[in-house]
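This report refers to the structure that appears directly beneath it.
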Amino acid sequence: DAGVTQSPTHLIKTRGQQVTLRCSPKSGHDTVSWYQQALGQGPQFIFQYYEEEERQRGNFPDRFSGHQFPNYSSELNVNALLLGDSALYLCASSLEGVNYGYTFGSGTRLTVV
Amino acid sequence: KQEVTQIPAALSVPEGENLVLNCSFTDSAIYNLQWFRQDPGKGLTSLLLIQSSQREQTSGRLNASLDKSSGRSTLYIAASQPGDSATYLCALLTGFQKLVFGTGTRLLVSP
């Protein structure tokens with residue numbers, strides 16, 4: 001049973017560029033959330049997708065956007081990259097509802113130079 | 001606004017010791033609490049999930065407790081091993097369907 005799969009594992013981008021990160025949820029999960037983790041910090045919630053709609057959003061600018069596809073996979077897009085966007089980006093999946101835990105992927109390490 | 005604090009920030013112990021990691025939170029209106037482990041540069045591995053109606057959960061050498069009234073959770077690790085060395089994060093599921101994380105406790109278990 002495959003867990004959460006994220007791609008790519010690492011990438012380096014230049015300031016001002018755009019980036020797309022991808023996530024396949026754990027089999028059977030229908031809810032996907034994205035988190036940003038800066039070095040030495042706990043993950044910060046970016047947004048959550050359910051039924052192909054953004055359901056909740058954290059305190060992140062509109063440069064951060066996402067999408068969920070009919071097969072529940074998801075993308076995170078970041079435009080006009082800043083140096084401060086350098087972080088580990090984590091995708092988490094779950095079943096809809098509050099009685100279930102979250103399963104996290106291994107993350108994508110983004111470095112902006 | 002929910003705030004989560006984890007104490008201590010770092011802990012170094014010899015192999016075989018029993019240890020307790022602490023997590024405190026300011027708002028008791030949570031759905032559940034989840035403990036994770038994170039190895040350097042890696043993703044999060046779920047250790048234990050405690051529903052808001054539960055008091056504790058156990059898995060192997062790990063035991064987690066939850067006291068909503070006092071805003072506290074503890075993770076107890078019995079007979080620690082070098083392989084337990086990692087950062088341990090607690091996370092609360094809030095009413096906005098998002099996890100709020102603490103900053104973690106970095107654990108080093110020496111042989």
Side-chain angles (χ1 to χ4, degrees), chain A residues 2-7 9-10 21 23-26 29-51 53-60 86-111, chain B residues 1-10 21-25 29-54 57 59 62 64 66 68 73 75 86-106:
Chain A
V4 177
T5 304
Q6 291 188 243
S7 64
T9 55
H10 298 84
L21 311 182
C23 172
S24 293
K26 182 178 179 178
H29 285 183
D30 55 7
T31 302
V32 174
S33 303
W34 288 91
Y35 289 80
Q36 180 195 65
Q37 186 178 25
L39 202 61
Q41 302 295 317
Q44 298 293 316
F45 176 76
I46 302 175
F47 42 53
Q48 182 181 87
Y49 279 85
Y50 174 67
E51 292 188 337
E53 296 286 335
E54 182 183 294
R55 180 161 64 178
Q56 290 292 340
R57 187 179 184 90
N59 188 26
F60 280 81
S86 296
L88 181 66
Y89 288 84
L90 296 163
C91 174
S93 72
S94 177
L95 288 169
E96 159 65 1
V98 298
N99 296 321
Y100 310 99
Y102 284 74
T103 301
F104 279 77
S106 297
T108 294
R109 170 71 64 185
L110 172 65
T111 302
Chain B
K1 177 187 174 185
Q2 179 74 269
E3 295 185 2
V4 183
T5 303
Q6 290 189 245
I7 294 174
L21 308 182
N22 296 292
C23 171
S24 62
F25 48 95
I30 65 171
Y31 288 109
N32 60 49
L33 184 147
Q34 201 165 356
W35 280 93
F36 293 92
R37 163 191 177 132
Q38 185 173 34
D39 294 292
K42 305 296 184 182
L44 307 183
T45 300
S46 180
L47 298 173
L48 290 164
L49 171 68
I50 310 176
Q51 301 294 342
S52 63
S53 59
Q54 297 176 320
Q57 282 288 330
S59 177
L62 305 180
L66 174 62
K68 283 177 52 179
S73 176
L75 178 66
T87 296
Y88 291 80
L89 294 156
C90 69
L92 313 176
L93 184 64
T94 71
F96 296 102
Q97 296 285 305
K98 70 175 186 180
L99 290 172
V100 179
F101 284 85
T103 53
T105 293
R106 191 169 64 253

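The figures here come from the full heavy-atom set of this structure, side chains too, leaving out hydrogens, waters and symmetry mates. Protein chains get the first letters and strands the later ones, always in sequence-line order, with residue 1 at the start of each.
The part of B:Q38 that comes within reach of chain A is its side chain, from C-beta onward, which places non-hydrogen atoms under 4.5 angstrom from that chain. When heavy atoms are compared at a cutoff of 4.5 Å, B:L93 approaches chain A solely by way of its side chain, counted from C-beta outward. For chain A, the nearby part of B:S46 is the side chain; its heavy atoms alone come within less than 4.5 Å. Proximity to chain B (any heavy atom under 4.5 Å) is shown, for A:Q44, by neither the backbone nor the side chain. A:Y50 does not touch chain B: none of its heavy atoms, backbone or side chain, sits under 4.5 Å away.
The backbone N or O of B:K98 lies less than 3.5 Å from no partner atom in the side chain of A:Q56, so there is not a single donor-acceptor pair.
Rounded to the nearest 0.5 Å, atoms OH (A:Y100) and CG (B:L49) are 11.0 Å apart.
The two residues A:L90 and B:G43 have their closest heavy-atom pair at CD2-CA, 3.9 Å. Contact record, A:P43 with B:L89: CD-CD1, 4.2 Å, taken as the closest heavy-atom pair. Shortest non-hydrogen contact noted between A:Y35 and B:F101 is CE2-CE1, 3.9 Å.
Crowding of B:R106 atom CZ: a count of heavy atoms from other residues, nucleotides or ligands under 6.0 Å not exceeding 12.
Your options are A:N99, A:V4, A:T103, and the one with the most heavy-atom pairs under 4.5 Å with chain B is A:N99.
With a 4.5 Å cut-off on side-chain heavy atoms, A:F104 and B:L99 count as touching.
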